[in-house]
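Worksheet: one structure, shown below.
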Amino acid sequence: MWGFLMFTGAAWLAISWSVLRLEPIDIAAVAGPIVLFGAVGELLRAIAGTRTWWLNACLTVLFAATGGLLMWDIQDSTYTTPAALIGWYLMVRGAVDIAVGIMTRGADRTWSLLVTIGVLQTGLGFWSASSFARTGPMVIVVLGALGTLRAIADLVTALRLREVAGPRKDVLELPPERAAGVSGYAAGLTDFEGAPSRSRARHRARPAGTATPAGATPPTGESFHDQVVRTTADLDAMLAQAGITGPRAGAVVESPKDIPAVPDTPEGVEGEVERPGRQA
């Protein structure tokens with residue numbers, strides 16, 4: 001759709017240049033087709049799928065009726081009716097541009113340009129509908145300015161639609177050999193992520209070659225005694241790596257000499273508790 005709007009913008013420029021070369025007697029014959037061409041531009045904007053498509057559809061019907069009225073009143077010998085209807089077209093189109101520009105100021109960075117064009121169109125239409133523009137040269141100037149402003153508006157809209165348009169469907173399509181390579185890589189990556197882990201990360205305080213940390217699943221066939229010994233050795237290695245001093249594995253610790261003998265009977269245990277100088 002942006003290509004069609006580019007075409008209408010170029011056509012408006014051609015119309016603006018051609019109108020300025022006309023004689024005043026030809027204004028009544030060209031004013032109607034120009035307004036009808038404006039209705040075609042509104043129809044293209046409605047088909048483009050913008051958020052204001054319904055507004056452009058209404059303007060299509062309104063401007064088509066205005067152009068038909070201009071062509072029907074072609075026998076009028078004065079410039080009053082063409083100037084008034086051209087001013088009506090400019091005022092309506094300018095007011096719509098101002099409203100749409102203000103409404104889209106947060107989403108479209110070209111809203112200020114659209115508002116400026118709307119203000120110029122509204123002012124030109126207000127002046128054209130007055131008694132100051134009821135002469136042939138003034139109506140010609142108004143038609144030329146109309147074509148220039150509509151050309152700018154359509155060209156900006158076309159470029160904006162081209163900018164926000166998504167990529168074509170065939171842009172993302174890969175050649176057969178590259179598509180096969182991407183599919184194989186994706187399948188291999190899925191298999192690798194779904195495979196069970198073959199090794200476990202080593203604790204930073206664990207020296208290389210030590211057994212599985214405490215709390216992990218013991219190897220098959222390991223007894224409880226072997227698990228306790230392994231866990232104790234792992235804990236000693238971690239404490240050594242952390243810099244905690246103390247008796248190391250295999251070190252000989254001197255036992256105190258004043259430790260009493262271990263009682264063999266409950267009476268002996270009670271006697272040890274009641275012995276003076278000992279704490280319960």
Side-chain angles (χ1 to χ4, degrees), residues 1-20 30-68 70 85-129 140-174:
M1 240 358 111
W2 67 271
F4 286 108
L5 289 177
M6 289 284 290
F7 171 76
T8 57
W12 275 120
L13 284 177
I15 290 173
S16 175
W17 178 81
S18 300
V19 165
L20 295 177
V30 300
I34 289 177
V35 176
L36 285 178
F37 185 76
V40 173
E42 298 301 327
L43 179 61
L44 290 177
R45 287 172 175 264
I47 299 176
T50 58
R51 291 186 297 176
T52 58
W53 66 268
W54 55 272
L55 184 59
N56 296 119
C58 294
L59 292 179
T60 301
V61 177
L62 181 62
F63 295 155
T66 304
L70 278 170
L85 292 179
I86 292 172
W88 159 257
Y89 170 81
L90 286 170
M91 291 180 67
V92 173
R93 182 65 258 189
V96 171
D97 285 341
I98 294 174
V100 173
I102 294 176
M103 183 181 66
T104 60
R105 65 183 183 277
D108 191 357
R109 67 174 184 272
T110 61
W111 69 273
S112 57
L113 178 61
L114 186 62
V115 171
T116 303
I117 293 176
V119 170
L120 292 176
Q121 290 180 126
T122 305
L124 186 62
F126 183 80
W127 182 77
S128 177
I140 291 177
V141 171
V142 170
L143 284 176
L146 183 155
T148 303
L149 293 176
R150 293 315 307 158
I152 296 174
D154 286 348
L155 289 175
V156 170
T157 304
L159 294 176
R160 183 59 176 162
L161 288 177
R162 178 67 179 86
E163 182 183 11
V164 301
R168 297 177 303 174
K169 294 182 179 180
D170 56 347
V171 172
L172 300 180
E173 293 181 358
L174 299 176

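What you see is a predicted model, and the numbers here were worked out from it, not measured in a lab.
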task: Please round to the nearest 0.5 Å and tell me the distance separating atom CG of L120 and atom CG of D97.
output: 10.5 Å

Heavy-atom side-chain contact between F7 and L44 under 4.5 Å: no

- prompt: Taking all non-hydrogen atoms of both residues, which atom of I86 and which atom of A31 are closest, and how far apart?
  reply: CD1-CB, 4.0 Å

- prompt: For L159 and T110, what are the C-alpha separation, side-chain angles and deciding distance, and is it a side chain to side chain contact (heavy atoms under 4.5 Å, CB included)?
  reply: CA-CA 11 Å; L159 294 176; T110 61; over 6 Å; no

message: Using side chain to side chain contact (heavy atoms under 4.5 Å, CB included), reason through L55 and V100 one step at a time and then give a plain yes or no.
response: CA-CA 10 Å; L55 184 59; V100 173; 4.1 Å; yes

message: What's the separation between atom CD1 in I98 and atom OG1 in T116, rounded to the nearest 0.5 Å?
response: 9.0 Å

- prompt: So with a 6.0 Å cut-off around CH2 of W88, is the heavy-atom count from everything else above 12?
  reply: no

statement: Between A158 and M6, the two heavy atoms sitting closest are CB-CG, 3.5 Å

task: Over all heavy atoms of both residues, which pair between W12 and G147 is shortest? Give the atoms and the distance, please.
output: CB-O, 3.4 Å

field: Heavy-atom pair with the smallest gap, counting every atom of I140 and V19
entry: CG2-O, 3.4 Å

message: To check you understand the geometry: which heavy-atom pair defines the closest contact between A145 and L124, and what is its length?
response: CB-CD2, 3.4 Å

- prompt: Can you find a heavy atom in the side chain of I152 that is under 4.5 Å from one in the side chain of I117?
  reply: yes

task: Measure the spacing between OG of S18 and CG of L13 and express it to the nearest 0.5 Å.
output: 10.5 Å

message: Would R105 pass as a cation-pi partner of W111, given that its NZ or CZ must be under 6.0 Å from the six-membered ring centre and within 45 degrees of the axis?
response: no

query: Just how far is it from atom CZ of R93 to atom CG of L149, taken to the nearest 0.5 Å?
result: 11.5 Å

Option from N56, T8, D154 for which side chain to side chain donor-acceptor pair (under 3.5 Å) with R45 holds: D154

Distance (rounded to the nearest 0.5 Å) between E163 CD and W2 CH2: 12.5 Å

- request: Test side chain to side chain contact (heavy atoms under 4.5 Å, CB included) on F37 and R150 and set out the steps.
  value: CA-CA 11 Å; F37 185 76; R150 293 315 307 158; over 6 Å; no

- prompt: Which value, rounded to the nearest 0.5 Å, describes the distance between L161 atom CG and L5 atom CG?
  reply: 6.0 Å

field: Intermediate values then yes/no, side chain to side chain contact (heavy atoms under 4.5 Å, CB included), F4 and L43
entry: CA-CA 11 Å; F4 286 108; L43 179 61; over 6 Å; no

- request: For the residue pair L90 and V142, establish whether any side-chain heavy-atom pair is separated by less than 4.5 Å.
  value: yes

- line: In short, G144 meets S16 closest at the heavy-atom pair O-OG, 2.7 Å

